[in-house]
Asker: 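What follows is a structure written as structure tokens; I'll ask about it next.
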Amino acid sequence: MPDYRSMIGSARDVDPIEIELLRGGELVSTLTGAFGQSLKETRLTAILGYLIALHPEPFLSLFGFGGVPQRVCLETRHHEGRSDILIETSIGTGVIEAKIDATDPLLQSGRYPARWIALLTHRVPRTTTIKRVRYVNWQQLARLLESLSRSRRTQLRLLSEDLLKYMQVHHMTRDRKSVEIYAREINEPVTLALFLKAQLYGCDYQAGSRLAEALYFAPHFGKSIANEYPGVSIGVSYVARIESVGNATTWQEFRELMIGKRGGAWWNRHKSLLQDLRRKWSWNKEKHRSFLLLGKPRLAFNPPVRKENLQRGKGWLSKRFYSFDELFVAWGE
């Protein structure tokens with residue numbers, strides 16, 4: 001009969017090995033991802049609630065809840081709806097409502113009986129008139145998780161690292177390995193003027209996009225726009241640093257976003273151009289868009305990088321994210 005005690009003893013003398021974990025044929029890189037590869041709010045809030053229970057003080061500070069923490073509840077049913085995370089303290093109750101898309105959870109959160117409401121979302125308006133409500137974006141949570149990932153408490157450190165990595169895998173926050181350049185087509189006058197004069201670019205919002213990681217924006221000018229405007233050549237020639245990315249649906253939300261980021265003087269200076277944009281696009285709650293607020297466009301490639309050197313054929317760009325090295329190689333060709 002084998003001596004299992006001796007086998008266990010010898011196993012302690014060698015380094016442990018790791019093997020791949022697959023779910024549905026896809027590689028799992030996080031503990032949170034082991035419960036499913038798709039991005040789900042319930043997975044995020046379940047791990048977040050567990051972390052809050054482990055070490056509540058920094059989270060109460062982030063979300064603006066007062067008092068001494070006493071209990072954390074997940075998916076609490078109320079008379080109208082169900083809250084994601086509920087925290088009871090010595091002086092009141094706080095609710096955290098999380099959204100992974102561009103939805104504003106303000107209306108939904110108003111149904112919950114709570115002294116404080118924290119809305120964890122990508123869309124943070126410039127101001128809110130409701131005193132008990134605080135908007136927190138995912139990047140702010142990521143910074144707290146980065147801090148907790150250096151904790152001496154093993155459980156707290158490992159779970160913070162895992163949740164942060166899960167958020168990075170699903171492109172909810174920036175990481176140190178950000179992609180360098182986001183490239184899109186510009187082939188009509190309003191979008192061209194926005195880029196060159198207002199240092200702004202707008203596009204449809206895409207959940208899970210790597211846009212949040214990109215450092216620079218590089219438009220590809222099409223043939224029709226190049227033929228119409230002197231000084232604009234076909235291809236990728238300009239590069240602009242991405243200063244920030246915001247989301248909006250209605251014209252009012254867009255206006256508040258721009259004034260909050262750029263100020264009233266900027267808005268008035270570009271008012272005519274912005275009104276052209278208002279007339280050109282439809283604006284309603286069903287139309288979610290991302291807006292890149294850019295630095296000054298720089299002429300980086302002269303002659304421009306031709307599309308044929310970036311892909312096969314001359315159709316729309318089949319790839320939207322590049323490194324500078326990829327563009328320089330294509331430029332050299």
Asker: Just verifying a value: how many Å separate Ser83 OG and Ile117 CD1, rounded to the nearest 0.5 Å?
Answerer: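 Result: 8.0 Å between the selected atoms.
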Asker: List the steps and the verdict of side chain to side chain contact (heavy atoms under 4.5 Å, CB included) for Trp267 and Arg255.
Answerer: CA-CA 8 Å; Trp267 179 270; Arg255 185 177 185 276; 3.6 Å; yes
Asker: Under the rule for salt bridge (Lys or Arg N to Asp or Glu O under 4.0 Å), what residues qualify as partners of Lys296, not counting sequence neighbours?
Answerer: none
Asker: Does a side-chain heavy-atom distance below 4.5 Å link Lys261 with Trp266?
Answerer: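 Counting from C-beta outward, Lys261 and Trp266 never come under 4.5 Å.
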Asker: Ignoring hydrogens, what is the shortest heavy-atom contact between Ala114 and Val95? Give both atom names and the distance.
Answerer: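 The answer is CB-CG2, 3.8 Å.
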Asker: Classify the ring geometry between Tyr182 and Phe321 as parallel (under 30°), tilted (30 to 60°) or perpendicular (over 60°).
Answerer: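 Because their plane-to-plane angle lies in the 30° to 60° range, the rings of Tyr182 and Phe321 count as tilted.
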Asker: Just how far is it from atom CE of Met167 to atom CG of Leu48, taken to the nearest 0.5 Å?
Answerer: 9.0 Å
Asker: According to a 4.5 Å side-chain heavy-atom criterion applied to Ile, Leu, Val, Met, Phe, Trp and Tyr, with indirect links allowed, do Val305 and Phe324 form part of one hydrophobic cluster?
Answerer: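 Val305 and Phe324: one cluster.
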Asker: Without swapping roles, check the side chain of Gln140 against the backbone of Asn137 for a donor-acceptor pair under 3.5 Å.
Answerer: yes
Asker: Looking only at non-hydrogen atoms, find the nearest pair between Glu161 and Ser149 and report the distance.
Answerer: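 Shortest heavy-atom separation between Glu161 and Ser149 comes out as CG-CB, 3.4 Å.
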Asker: Taking the side chain as C-beta and beyond, is there a heavy-atom pair between Leu120 and Leu44 under 4.5 Å?
Answerer: no
Asker: Please identify each residue that fulfils side chain to side chain donor-acceptor pair (under 3.5 Å) with Gln155, with sequence neighbours left out.
Answerer: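 Expected list: Tyr50.
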Asker: So with a 6.0 Å cut-off around NZ of Lys271, is the heavy-atom count from everything else above 12?
Answerer: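 For Lys271, atom NZ is not crowded (no more than 12 foreign heavy atoms under 6.0 Å).
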Asker: Is there a path of hydrophobic side-chain contacts, each under 4.5 Å between heavy atoms, that joins Ile91 and Phe65?
Answerer: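 The answer is yes; both residues are in one hydrophobic cluster.
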Asker: Can you tell if the side chain of Asn247 reaches within under 4.5 Å of the side chain of Ser290, non-hydrogen atoms only?
Answerer: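 They are in side-chain contact.
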Asker: Compare every heavy atom of Ala218 with every heavy atom of Ile181, then report the nearest pair and how far apart it is.
Answerer: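 Ile181 and Ala218 have their closest heavy atoms at CG2-CB, 3.6 Å.
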Asker: What is the ring orientation for Phe59 with Phe63, classed by angle as parallel under 30°, tilted 30 to 60°, or perpendicular over 60°?
Answerer: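 Ring orientation of Phe59 relative to Phe63: parallel.
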Asker: Pair Phe328, Phe301 - check ring pair (Phe, Tyr, Trp, His ring centres under 6.0 Å), show working.
Answerer: CA-CA 8 Å; Phe328 277 114; Phe301 300 100; 5.1 Å; yes
Asker: Give the intermediate values and the outcome of side chain to side chain contact (heavy atoms under 4.5 Å, CB included) for residues Tyr229 and Phe221.
Answerer: CA-CA 11 Å; Tyr229 289 87; Phe221 297 138; over 6 Å; no
Asker: CG/Leu163 to NZ/Lys165 distance, rounded to the nearest 0.5 angstrom?
Answerer: 13.0 Å
Asker: Please tell me if the side chains of Leu54 and Arg153 come closer than 4.5 Å, counting only heavy atoms from C-beta onward.
Answerer: yes
Asker: Can you measure from NE2 (His220) to CD1 (Ile234) and round to the nearest 0.5 angstrom?
Answerer: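 Rounded to the nearest 0.5 Å, the NE2-CD1 separation comes to 7.5 Å.
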Asker: Heavy-atom distance under 4.5 Å between the side chains of His270 and Leu200, does that happen here?
Answerer: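 When only atoms from C-beta onward are counted, Leu200 and His270 do not touch, as no gap falls below 4.5 Å.
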Asker: Check Ser160 against Leu148 and note the closest heavy-atom contact, atom names and distance.
Answerer: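 Shortest heavy-atom contact: OG-CB, 3.3 Å.
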Asker: Among all residues two or more places apart in sequence or in another chain, which pass the salt bridge (Lys or Arg N to Asp or Glu O under 4.0 Å) test with Glu228?
Answerer: none
Asker: So Leu194 and Tyr201, side chain to side chain contact (heavy atoms under 4.5 Å, CB included) or not? Walk me through it.
Answerer: CA-CA 7 Å; Leu194 281 171; Tyr201 179 79; over 6 Å; no
Asker: Any side-chain to backbone donor/acceptor pair from Thr89 onto Gly66? Under 3.5 Å, distance only.
Answerer: yes
Asker: So, applying side chain to side chain contact (heavy atoms under 4.5 Å, CB included) with Cys203, which one of Glu185, Arg289, Arg184 is it?
Answerer: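 The option that passes is Arg184.
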Asker: Which distance, rounded to the nearest 0.5 Å, do you find between the OG of Ser233 and the OH of Tyr238?
Answerer: 8.5 Å
Asker: After noting the C-alpha distance and the side-chain angles of Ile96 and Thr45, does the key distance pass the side chain to side chain contact (heavy atoms under 4.5 Å, CB included) rule?
Answerer: CA-CA 9 Å; Ile96 301 169; Thr45 54; over 6 Å; no
Asker: Are Phe217 and Leu299 connected, step by step, through hydrophobic side chains (Ile, Leu, Val, Met, Phe, Trp, Tyr) whose heavy atoms are closer than 4.5 Å?
Answerer: yes
Asker: Quick one, Leu164 and Glu146 - any side-chain contact, counting heavy atoms below 4.5 Å?
Answerer: yes
Asker: Hey, any chance Trp251 and Val190 share a hydrophobic cluster, counting ILVMFWY side chains that come within less than 4.5 Å of each other, even indirectly?
Answerer: yes
Asker: Mind checking the CG-CE spacing from Leu274 to Met258? Nearest 0.5 Å is all I need.
Answerer: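 Taking CG in Leu274 and CE in Met258, the distance rounds to 8.5 Å.
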Asker: Ignoring hydrogens, what is the shortest heavy-atom contact between Ala300 and Val239? Give both atom names and the distance.
Answerer: CB-CG2, 3.9 Å
Asker: Under 4.5 Å between any side-chain heavy atoms of Leu310 and Leu327, yes or no?
Answerer: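 Yes, side chains in contact.
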Asker: In residues 277-285, what donor-acceptor pairs under 3.5 Å come from side-chain atoms, sequence neighbours left out?
Answerer:
unit_1	atom_1	unit_2	atom_2	d
Arg279	NH2	Asp276	OD1	2.5
Trp283	NE1	Arg278	O	3.3
Trp283	NE1	Trp281	O	3.2
Asn284	OD1	Glu286	N	2.8
Asn284	OD1	Lys287	N	3.2
Lys285	NZ	Glu253	OE2	2.8

Asker: May I ask you to test the His122-Trp138 pair for a side-chain heavy-atom distance under 4.5 Å?
Answerer: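 A side-chain contact under 4.5 Å exists here.
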Asker: List for me each residue that meets side chain to side chain contact (heavy atoms under 4.5 Å, CB included) alongside Arg241, sequence neighbours excluded, and say none if there are none.
Answerer: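 Arg241 satisfies side chain to side chain contact (heavy atoms under 4.5 Å, CB included) with Tyr216, Glu243 only.
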Asker: How would you list, by chain and number, every residue that makes a side chain to side chain donor-acceptor pair (under 3.5 Å) with Glu88, sequence neighbours excluded?
Answerer: Arg71
Asker: Testing the basics here: between Ser224 and Asn187, what is the closest heavy-atom pair and its distance to 0.1 Å?
Answerer: OG-OD1, 2.8 Å
Asker: Fit a plane to each ring of Tyr205 and His288, take the angle between them on a 0 to 90° scale, and name the class: parallel (under 30°), tilted (30 to 60°) or perpendicular (over 60°).
Answerer: perpendicular
